[in-house]
Amino acid sequence: MTNTATTGKRKQTTITDFFNKSTLKKAKVSNEITGGKSAVKNIEEQNDNVLPNGETAIKEDEVKGETSATATIAKEKVQTEPALKPTTEYLIKAHFRNTLDPGTSKLLSCELDTIEDTWFRHLIEEFKKPYFLNLKQFILNEQAKYEVFPPAKDIYSWTRLTPFDKVKVVIIGQDPYHNDNQAHGLAFSVKPPVPAPPSLRNIYKELKQNYSDFEINNKVGDLSPWALQGVLLLNTALTVRAHNANSHSKRGWEEFTKRVIEILIKDREKEGKTLVFLLWGNNAIKLVTSILKSDEQKYKNILVLKSVHPSPLSASRGFFGNNHFKKINEWLANERNEKMIDWSVVPGNTLKEIAASNENLN
C-alpha cells in the first residue's frame, strides 16, 4: 500500500466504486441497440467475458491499484454475480436489422429503435410486407413536408409502457389527437400538461359513477398509469398530420393494428391468459368482432364489453352508466383471481376498494 506520509493523501478506489463502474459498462453494452454487424459484435464482445459456468471473467487491469487481497475479493464478487446476457428478443431484433438493405433500414428505423423488444418479436413478420413498407414511405414523406403527430419517438410508446406479455385490458381508439402537444402514442390520453379532452372528461365522469373516491381533475389527461398496469391504449391509426383529422387513415395503419389485435387474441387463446376488450363505438366493435367471429362467449379467459363512444356526441346514448370499469375489476378479481386495475390518474390518488382487493391477493 502506498505510504501516505511521502505522497500525501490519495483517494483509494473502493470496491463499490469499482463495481459501479464495471456494472455501468456492462449495462451500456447490453442495452444499446446498434445497427448491423456492430450489434452482433457488441453481443459477442460481451459474451467473451462469460466463463463456461456463467460467471464473468475479470481482467488484470480492472483491479490495478488494488491490494492483492482487495483484488481477490473483487474477482470473487464479480464471479458470483450473474452475467448480463442479451435477451432472445434483443438478438432477434439485432439479426433482423442486419438483414436489411440501407433503404429498408431507413424506412424501418422508427420500428427498430422505438418498439419494445417483445412486441417487435411478435410483429416482425409485418415489417417487410409491401403494405407496411408503403405505409412507412408515406409517413416519411409526410414527416418531411408537414408536422406529424405524435412525434416519431412516441408513435410506439404503447409497446414500451405495456409490453406484450403484460397486456390485460385493451381500449381501442381511432385517430391520434391532431392539435399541438397532445398525442403521445396512447389512445384517449394526452401528454402533460395538456388538460383532458372532451371524450376523456366523459370517461372520468363515468369512472366517478363506478368509484365514488375517483378524483376528477380535468387538468390531468395522461393515462400512462393505466398503461403501466397492463391497459393497452391502442389507436387504429398511429399517426396524423397536424390539424388534419384522419389524414393518415386508410394508408395501412388499420391493417397493422388489426394484426396487433389478432396476435394478442391468438396468444391469449393459446396460453389461457386474461384479456379484456373495452369496445367503445362502432369502429372498435367491428374490428374486434371481425376477429372473434362473433363467438366471443366461447373464450373463458376473454371478456368483451361494448358501448357507444364517450364522445360528447354519443356518451348520453349508452356510455354513461355502462359500468365498464367496475365490471372489468369484478371479473378480474372474482373470475380470474387477478389484481384489479386502479383507474386513478391524479398523482397520489388511490381507489380504496381496489387497493384492498389487491392487497388480499398479495
Student check: side-chain heavy atoms of Cys110 and Lys136 closer than 4.5 Å
yes
Is a side-chain donor or acceptor of Lys93 paired with a backbone partner of Thr88 at a separation under 3.5 angstrom?
no
Looking only at the side chains, is there a donor atom on one of Asn179 and His243 sitting less than 3.5 Å from an acceptor on the other?
yes
Checking the side chain of Thr289 only, and the main-chain atoms of Ile285 only, is there a donor and an acceptor separated by less than 3.5 Å?
yes
Min side-chain heavy-atom separation Phe319-Ile203 under 4.5 Å
yes
Please say whether more than 12 non-hydrogen atoms of neighbouring residues, nucleotides or ligands are located less than 6.0 Å from NZ in Lys327.
yes
Please tell me if the side chains of Leu278 and Ile172 come closer than 4.5 Å, counting only heavy atoms from C-beta onward.
no
Let me see the working for Glu126 and Arg259 under salt bridge (charged side-chain N to carboxylate O under 4.0 Å, His left out), right down to the final yes or no.
CA-CA 8 Å; Glu126 298 301 297; Arg259 187 66 185 137; 3.5 Å; yes
So, His248 versus Glu142: side-chain donor-acceptor pair below 3.5 Å or not?
yes
Does either side chain, that of Glu338 or that of Thr274, offer a donor lying less than 3.5 Å from an acceptor on the other one?
yes
Would you say the side chains of Tyr156 and Glu111 form a donor-acceptor pair under 3.5 Å?
yes
Mind checking whether Val231 and Thr162 have side chains closer than 4.5 Å, heavy atoms only?
no
Under the 3.5 angstrom rule, does the side chain of Lys205 hit a backbone N or O of Phe320 as a donor-acceptor pair?
no
Look only at the side chain of Asp267 and the backbone of Ile263, and say whether a donor-acceptor pair between them is shorter than 3.5 Å.
no
Could you tell me if the side chain of Phe214 sits less than 4.5 Å from the side chain of Val346, heavy atoms only?
no
Atom NZ of Lys128 with >12 non-hydrogen neighbours under 6.0 angstrom
yes
Inspect the contact between Glu116 and Arg160 and indicate whether a charged nitrogen and a carboxylate oxygen are less than 4.0 angstrom apart.
no
Decide whether Val240 and Phe138 are clustered together by the hydrophobic rule: side chain heavy atoms of Ile, Leu, Val, Met, Phe, Trp, Tyr closer than 4.5 Å, transitively.
no
Enumerate, atom names and distances included, each donor-acceptor pair closer than 3.5 Å involving a side-chain atom of residues 308-315, sequence neighbours excluded.
| residue | atom | partner | partner atom | Å |
| --- | --- | --- | --- | --- |
| His309 | ND1 | Ser311 | N | 3.0 |
| Ser311 | OG | Leu313 | N | 3.1 |
| Ser314 | OG | His309 | O | 2.7 |

How about Ser290 and Lys258: do any of their side-chain heavy atoms sit closer than 4.5 Å?
yes
Spatial distance of atom CZ (Phe277) from atom CG (Leu232) [nearest 0.5 Å]
9.0 Å
Should we say atom NZ of Lys286 is surrounded by more than 12 heavy atoms from elsewhere, each under 6.0 Å from it?
no
Backbone N/O of Pro150 and side chain of Asp154: donor-acceptor pair under 3.5 Å
no
Here the gap from His122 atom NE2 to Thr118 atom OG1, rounded to the nearest 0.5 Å, amounts to 6.5 Å
How many angstroms lie between OG in Ser224 and CH2 in Trp158, if you round to the nearest 0.5 Å?
15.0 Å
Ignoring hydrogens and angles, tell me if any N or O in the side chain of Asn141 forms a donor-acceptor pair with the backbone of Gln137 under 3.5 Å.
yes
Starting at CG of Leu228, measure out to CG of Leu161 and round the result to the nearest 0.5 Å.
5.5 Å
Hydrogens and angles aside, do Asp342 and Tyr211 bring a side-chain donor and acceptor to less than 3.5 Å of each other?
no
Contacts of Arg268 that satisfy side-chain contact (heavy atoms from CB on, under 4.5 Å) - sequence neighbours left out:
Phe164, Val167, Leu264, Lys273, Leu275, Asn301
What class does the angle between the rings of Phe256 and Phe132 fall in, given that below 30° is parallel, 30 to 60° is tilted and above 60° is perpendicular?
tilted
Report yes if some heavy atom in the side chain of Leu200 is under 4.5 Å from a heavy atom in the side chain of Leu223; otherwise report no.
yes
Check whether Ser247 reaches the backbone of Arg241 with its side chain - one donor and one acceptor, N or O, closer than 3.5 Å.
yes
If we only count heavy atoms from C-beta on, is the Phe325 to Glu206 side-chain gap below 4.5 Å?
yes
From Thr236 OG1 over to Glu255 CD, what is the distance, rounded to the nearest 0.5 angstrom?
13.0 Å
Tell me whether Val148 is reachable from Trp253 by hopping between hydrophobic residues (I, L, V, M, F, W, Y) whose side-chain heavy atoms are closer than 4.5 Å.
no
Can you get from Leu332 to Leu361 by hopping between Ile, Leu, Val, Met, Phe, Trp and Tyr side chains that sit under 4.5 Å apart?
no
Side-chain donor or acceptor of Asp222 paired with backbone N/O of Pro192 under 3.5 Å
no
If you measure from the Lys or Arg side-chain nitrogens to the Asp or Glu carboxylate oxygens, is any gap between Arg97 and Asp113 under 4.0 Å?
yes
Tell me, yes or no, whether the heavy-atom count around Lys129 atom NZ, taken from other residues, nucleotides or ligands under 6.0 Å, exceeds 12.
yes
Test: Asp213 and Lys352 ion pair at under 4.0 Å
no
Could you go through Ser189 and His184, starting from their C-alpha distance and side-chain angles, then the distance that decides it, and tell me whether this counts as side-chain hydrogen bond (donor to acceptor under 3.5 Å, both in side chains)?
CA-CA 8 Å; Ser189 179; His184 65 138; 2.7 Å; yes
All ring pair (Phe, Tyr, Trp, His ring centres under 6.0 Å) counterparts of Phe120, not counting sequence neighbours
Phe96, Phe127
Closer than 3.5 angstrom, by distance alone: can the side chain of Trp226 be matched with the main-chain N or O of Trp343 as a donor-acceptor pair?
yes
When rounded to the nearest 0.5 angstrom, what is the spacing between CG in Asn235 and CG in Asn283?
11.5 Å
